[in-house]
Amino acid sequence: MDSVIAKFFENYSLLPDYDAFRQAQSELMLPSVHVDSCDHRGWQSLDGVDSYVASIRDWMKYYTDSDDRSLEQTRDDGTNVEVRVHGTIVFREPINGVSKIKDADHNWHEVFVIEGGKIAKARIDMGIKPATFS
């Protein structure tokens, strides 16, 4: 896996220490990093490391880690890196009776643009199928 992206995901182990997490991620991201992300609440657009970290803090109110999470790099052309996140998505509180989403029922992808050895852009789509909550 691309070394910057591998470290990006490794830094999540620092949570819930958001100061340490912010510091570690800021070493990997341009200060002007742009992130588009989508989860069960829809799309949001973020600019800057602080906005990104604030969104992770908010995200953690809804989600928790699963034991079966794994990463698969599906593309790396030197500038664009794509990672498929496998495993169960676990909600802290059920949504419409749903507390977990199996790997087969989501298509979580994260796409990164690397400029000068740092993340300039990211597109994070948890790929939660709308029928999940019907």
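Side chains included, hydrogens not; waters and symmetry mates left out as well; all remaining heavy atoms used. Being a predicted model, the structure only gives us computed values, none of them experimental. In what follows, residues are counted from 1 in the order of the sequence shown.
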Transitively linked via ILVMFWY side-chain contacts under 4.5 Å: V35 with V4?
yes
What distance do M1 atom CE and K7 atom NZ have between them, rounded to the nearest 0.5 Å?
14.0 Å
Provide the closest heavy-atom pair for D103 versus G87 in the form atom of the first, atom of the second, distance.
OD1-N, 2.8 Å
Side-chain heavy atoms nearer than 4.5 Å, only ILVMFWY residues, links allowed to pass through others: does that put V49 and F9 together?
yes
Given 3.5 Å as the limit, does a donor-acceptor pair link the side chain of E93 with the main chain of Y62, or not?
no
Check: I114 and T79 side chains under 4.5 Å, non-hydrogen atoms:
no
Residue pair R22 / Y52, side-chain heavy-atom distance below 4.5 Å:
no
Taking the side chain as everything from C-beta on, heavy atoms only, tell me whether I119 gets closer than 4.5 Å to L30.
no
Shortest non-hydrogen separation from F21 to N11 and the atoms involved:
CD1-O, 3.3 Å
Does NZ or CZ of R57 fall inside the cone over Y18's six-membered ring, less than 6.0 Å from its centre and within 45° of the axis?
yes
When you compare the side chain of Q73 with that of D76, does any pair of heavy atoms fall below 4.5 Å?
yes
Any side-chain heavy atom of I95 within less than 4.5 Å of one from H40?
yes
Any carboxylate oxygen within less than 4.0 angstrom of a Lys/Arg side-chain nitrogen, looking at D58 and R41?
yes
Distance check, rounded to the nearest 0.5 Å: N80 atom CG versus D2 atom CG?
11.0 Å
Check whether any side-chain N or O of S26 sits under 3.5 Å from a backbone N or O of Q23 as a donor-acceptor pair, and report yes or no.
yes
Where is the tightest heavy-atom contact between E27 and K118, given as atom of each residue plus distance?
O-NZ, 3.3 Å
Mind listing the closest non-hydrogen atom pair of S37 and L46 along with its distance?
OG-CD1, 4.3 Å
side-chain contact (heavy atoms from CB on, under 4.5 Å) between E72 and H86: does it pass, once the steps are laid out?
CA-CA 8 Å; E72 173 191 7; H86 293 281; 2.7 Å; yes
Hey, quick one: are W43 and I124 part of the same hydrophobic cluster, counting side-chain heavy atoms closer than 4.5 Å, chains of contacts allowed?
no
So does D77 have more than 12 non-hydrogen atoms from other groups sitting under 6.0 Å from CG?
yes
I need the minimum non-hydrogen distance between V83 and T74, along with the two atoms involved.
N-OG1, 4.3 Å
Flag the pair H109 / R84 as yes when at least one side-chain heavy-atom distance between them is below 4.5 Å, and no otherwise.
yes
Under 4.5 Å between side-chain heavy atoms, counting indirect links through other Ile/Leu/Val/Met/Phe/Trp/Tyr residues: same cluster for V113 and F8 or not?
no
Tell me if a side-chain donor or acceptor on K121 pairs with a main-chain N or O of F112 at a distance below 3.5 Å.
no
Check whether any side-chain heavy atom of L71 sits under 4.5 Å from a side-chain heavy atom of V85, and report yes or no.
yes
Joint hydrophobic cluster, V53 plus W59, side-chain heavy atoms closer than 4.5 Å:
yes
Considering all heavy atoms of both residues, which atom of S66 and which atom of D68 are nearest to each other, and what is their separation?
OG-OD1, 2.9 Å
Under 4.5 Å between any side-chain heavy atoms of Q44 and S55, yes or no?
yes
Please identify which of these residues, I89, I101, N107, meets the side chain to side chain contact (heavy atoms under 4.5 Å, CB included) condition with M126.
I89
Which of parallel (below 30°), tilted (30 to 60°) and perpendicular (above 60°) describes F91 and Y63?
tilted
Is the backbone N or O of E110 less than 3.5 Å from a side-chain atom of E82, with the two atoms forming a donor-acceptor pair by type?
no
